[in-house]
*Asks:* 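Before I ask anything, let me first share the structure, which is written out below as structure tokens.
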Amino acid sequence: MGQGFRCPTVPGDAPALPPVVFRSRRRSRPGGTLGGAEAPPGRPGARSRALSESPPTAPPPRRRPGPGLRAWRGLARALRGPPLTLVHHDAYNPGPTGFVDPYRGARIRAWLVEHALVGPRAVLVPERAGIADLDRVHDPEYLAHLQDRGGLDRIFPGLGEGAAQAALGAQRWMVGGTLLAARKAVEAGRRGGPVVNLGGGLHHARRGQGSGFCAFHDVAIAIHALRQEGFGGRVLIVDLDLHQGDGTRRIFAADETVYTFSIHAVAWDEEPAVADLDVALGPGIGDAAYHAALDEHLPRAFAEARPDLVFYVAGVDVALEDLVGNWRLSGDGIAARDRKVMERARDLPLVWTLAGGYGPDAWRHTARSLAWVADGRDAPIPTGTEVSLARFRHIAGGLGREELSGGGEDADFGITLADVMGDLGGTRPETRLLGYYTPYGVEVAMERYGVTEAIRRQGIPRTRVEFDLANPTGHLVRVYADDGGGELLIELVTRETREIPPFRLLLVEWLMLQNPRAGADPGRPLLPGQRHPGLGCLLEVIGMLTMAAVRLQFDGVLFRPGWYHMAVLARGHMAFWEPRDEARFAALRQALEGVPLVEATRAVAEGRVVDVATGEAARWTAPAMVYPLAPALAEHVRGAAYDAAVEAAAAGLSYRRVGRREAAAVGAGPGGGAAG
């Protein structure tokens with residue numbers, strides 16, 4: 001998939017996407033907010049797992065080197081020659097386009113430079129590709145048609161004319177980057193390291209047709225330019241993006257000197273080609289199955305291609321946390337993939353392009369692999385969520401029991417009504433959320449974690465917290481505006497559950513974040529289940545809930561996404577408890593690929609996604625998702641056995657989208673139901 005552009009679009013910056021409602025399908029009522037990390041009730045002095053058994057995170061990140069180490073690395077590079085060269089231009093940034101991080105290439109470059117893994121002279125700035133460059137591959141009629149709104153809509157569906165023109169312009173700069181990278185790689189030959197274009201990989205574009213958010217085929221343009229400039233060697237294109245390089249196959253279908261090798265989920269082009277190796281693995285693939293296929297086919301591709309030059313289309317949309325993909329590769333799995341390609345191509349000039357990768361953390365995978373190329377050391381780079389959790393743990397460590405469970409107006413000073421009722425033999429009413437938090441404690445946590453500040457930024461200066469601990473669905477917390485309007489801002493229902501034995505889980509039965517004072521934004525349509533825009537503090541609220549689970553020694557957090565889009569936003573951080581639910585979700589994502597998230601959710605809810613084999617609607621039943629804290633729970637949803645079960649369940653499972661008329665014919669309609 002072309003880097004930077006192909007994604008199911010969602011208004012604004014997708015990962016936050018408030019207001020979001022986490023809702024169990026079994027219950028339809030409300031819920032609140034919390035935080036902390038000290039001894040749980042009933043165990044004075046016993047330190048919880050807040051710091052010692054906190055949510056699983058990556059190993060410590062590579063430390064930023066001091067001036068002396070940076071100088072030493074610079075001298076070492078000068079003596080041995082550059083291990084890699086980067087090509088990048090700030091014009092690669094197309095602006096906001098859904099799940100795409102427009103700064104992905106810039107983040108990779110900044111990381112490598114900051115850690116003294118490349119020097120300033122190893123970062124090359126390309127020129128924008130000219131019309132003569134584009135003419136090397138693409139039909140003039142097609143290029144002219146790109147000025148029409150209709151032509152743009154077919155390549156960049158859902159972006160709008162302004163954003164599509166920006167994407168088109170950014171891709172011309174990326175083509176220029178791949179041209180420069182290819183020329184430098186051939187010039188340096190076997191002596192230079194890989195030349196990495198921090199963009200490009202636009203592998204869906206064909207001679208007379210743009211596709212998959214790819215308007216120009218940068219690799220094909222570079223190969224044709226090299227040919228015209230005298231390069232006569234054989235070329236191997238290793239395409240390990242989640243999506244098949246269908247445009248690459250079509251352009252070089254009759255060229256025996258260009259061998260195309262692609263491992264992907266589903267084939268987009270099955271027409272014959274004279275020199276190719278095409279491997280479709282299906283949805284839901286994890287590390288073990290992926291590397292088995294790579295180990296089988298990568299040596300064959302090199303042996304049959306006998307290349308003099310290698311292009312590596314290194315998409316990272318294969319990652320578990322990718323906001324578009326439906327595979328399950330870990331960070332370690334992607335790093336191992338890249339090392340295998342680099343080791344196989346060690347004595348060959350190599351051009352590396354980014355290709356697909358969606359979400360704010362996609363840059364990390366490429367930066368990690370390029371850091372290994374630069375100095376031979378492998379160190380995972382923490383995700384944004386892991387960085388946030390580290391910050392939340394630090395905040396939690398500074399919150400004590402006095403602040404969260406005592407103090408304020410609700411402190412247990414003297415004789416209370418609960419004491420009297422208990423003495424008279426009545427039922428002692430609960431006075432604390434989850435047996436621990438007072439309303440004052442929740443207010444303190446909201447302030448420390450940044451929730452209150454986020455609400456103030458929305459123009460609401462004060463808030464009020466109320467509990468309903470007798471609510472039949474669980475402990476209910478409501479946060480209201482307290483400046484005269486009294487609008488409901490946050491609602492949470494939560495409780496302890498043991499429905500997945502033997503684990504003790506914190507169930508988020510309902511979570512709603514909304515700003516009733518915000519007006520409608522045509523650029524950010526509300527998702528199903530939403531009545532108002534959000535508060536912009538989803539991450540902070542989830543962090544508080546996670547730290548509360550840690551403080552109170554739960555084994556994990558459980559919720560059931562009531563809508564398809566909730567699972568999209570949660571996957572990668574939370575996992576489906578049942579492997580079959582993960583497999584069904586992967587198949588749904590395959591069927592809904594390229595569909596804006598709002599429309600995708602509606603299609604599932606309205607029964608407009610059907611099973612290919614049975615014709616029945618793929619219904620959504622809000623399956624259980626967990627965020628594991630206990631090692632045993634983490635192993636269940638992240639281990640090799642789980643991956644194998646997902647792949648087995650996904651085998652042969654296939655869905656397709658249908659129109660409303662066909663959906664009505666099979667009796668589908670709005671509502672829930674299991675995918676499959």
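Only this structure's heavy atoms are used, side chains among them; waters, hydrogens and symmetry mates stay out.
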*Asks:* What is the ring orientation for Phe585 with Phe576, classed by angle as parallel under 30°, tilted 30 to 60°, or perpendicular over 60°?
*Replies:* tilted
*Asks:* Could you tell me if Arg432 sits above the aromatic ring of Tyr437, with its cationic atom closer than 6.0 Å to the ring centre and no more than 45 degrees from the axis?
*Replies:*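 Arg432 over Tyr437 ring: no.
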*Asks:* Check the pair Tyr655, Gln590 against side chain to side chain contact (heavy atoms under 4.5 Å, CB included), reporting the backbone distance first and the verdict last.
*Replies:* CA-CA 8 Å; Tyr655 298 128; Gln590 186 71 55; over 6 Å; no
*Asks:* Quick check: does any side chain N or O of Glu386 sit under 3.5 Å from a backbone N or O of Thr383, one acting as donor and the other as acceptor?
*Replies:* yes
*Asks:* Applying side chain to side chain contact (heavy atoms under 4.5 Å, CB included) to Leu633 and Trp577, what does each step give before you reach the verdict?
*Replies:* CA-CA 9 Å; Leu633 185 60; Trp577 171 251; 3.3 Å; yes
*Asks:* Let me confirm one number: the CH2-CD distance from Trp327 to Glu647, rounded to the nearest 0.5 Å.
*Replies:* 10.0 Å
*Asks:* Between NE2 of His365 and CG of Asp322, what distance do you get to the nearest 0.5 Å?
*Replies:*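 Answer for the NE2-CG pair, His365 versus Asp322, is 8.0 Å.
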*Asks:* Can you list the residues that meet the side-chain contact (heavy atoms from CB on, under 4.5 Å) rule with Ala163, with sequence neighbours excluded?
*Replies:*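 Partners of Ala163 by the side-chain contact (heavy atoms from CB on, under 4.5 Å) criterion, ordered by chain and then number, come out as Leu159.
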*Asks:* Name the one of Arg364, Arg328, Arg638, Arg571 that satisfies salt bridge (Lys or Arg N to Asp or Glu O under 4.0 Å) with Glu321?
*Replies:* Arg364
*Asks:* Show your working on side chain to side chain contact (heavy atoms under 4.5 Å, CB included) between Leu399 and Met547 and close with a plain yes or no.
*Replies:* CA-CA 11 Å; Leu399 289 170; Met547 291 300 102; over 6 Å; no
*Asks:* For Ala265 and Asn326, work out which heavy atoms get closest and say how close.
*Replies:*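 Shortest heavy-atom contact: CB-OD1, 4.3 Å.
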*Asks:* Between the side chain of Thr614 and the main-chain N/O of Glu616, is any donor-acceptor distance below 3.5 Å?
*Replies:* yes
*Asks:* Please examine the side chains of Arg464 and Arg478, heavy atoms only from C-beta on, and report whether any two atoms are closer than 4.5 Å.
*Replies:* no
*Asks:* Between Asn93 and Tyr103, is there a donor-acceptor pair closer than 3.5 Å when you use the side chain of the first and the backbone of the second?
*Replies:* no
*Asks:* Identify the two heavy atoms, one from Ala319 and one from Ile334, that lie closest to each other, and give their separation to 0.1 Å.
*Replies:* CB-CD1, 3.6 Å
*Asks:* Under the 3.5 angstrom rule, does the side chain of Thr463 hit a backbone N or O of Val479 as a donor-acceptor pair?
*Replies:*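 Side chain of Thr463 to backbone of Val479: no pair is present.
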*Asks:* List the steps, then state whether side chain to side chain contact (heavy atoms under 4.5 Å, CB included) holds for Arg584 with Leu653.
*Replies:* CA-CA 8 Å; Arg584 292 165 176 165; Leu653 185 61; 3.9 Å; yes
*Asks:* Tell me if a side-chain donor or acceptor on Ser405 pairs with a main-chain N or O of Tyr436 at a distance below 3.5 Å.
*Replies:* yes
*Asks:* Can you tell me how far apart CH2 (Trp510) and OG1 (Thr494) are? Round to the nearest 0.5 Å.
*Replies:*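 Reported to 0.5 Å precision, the distance equals 14.5 Å.
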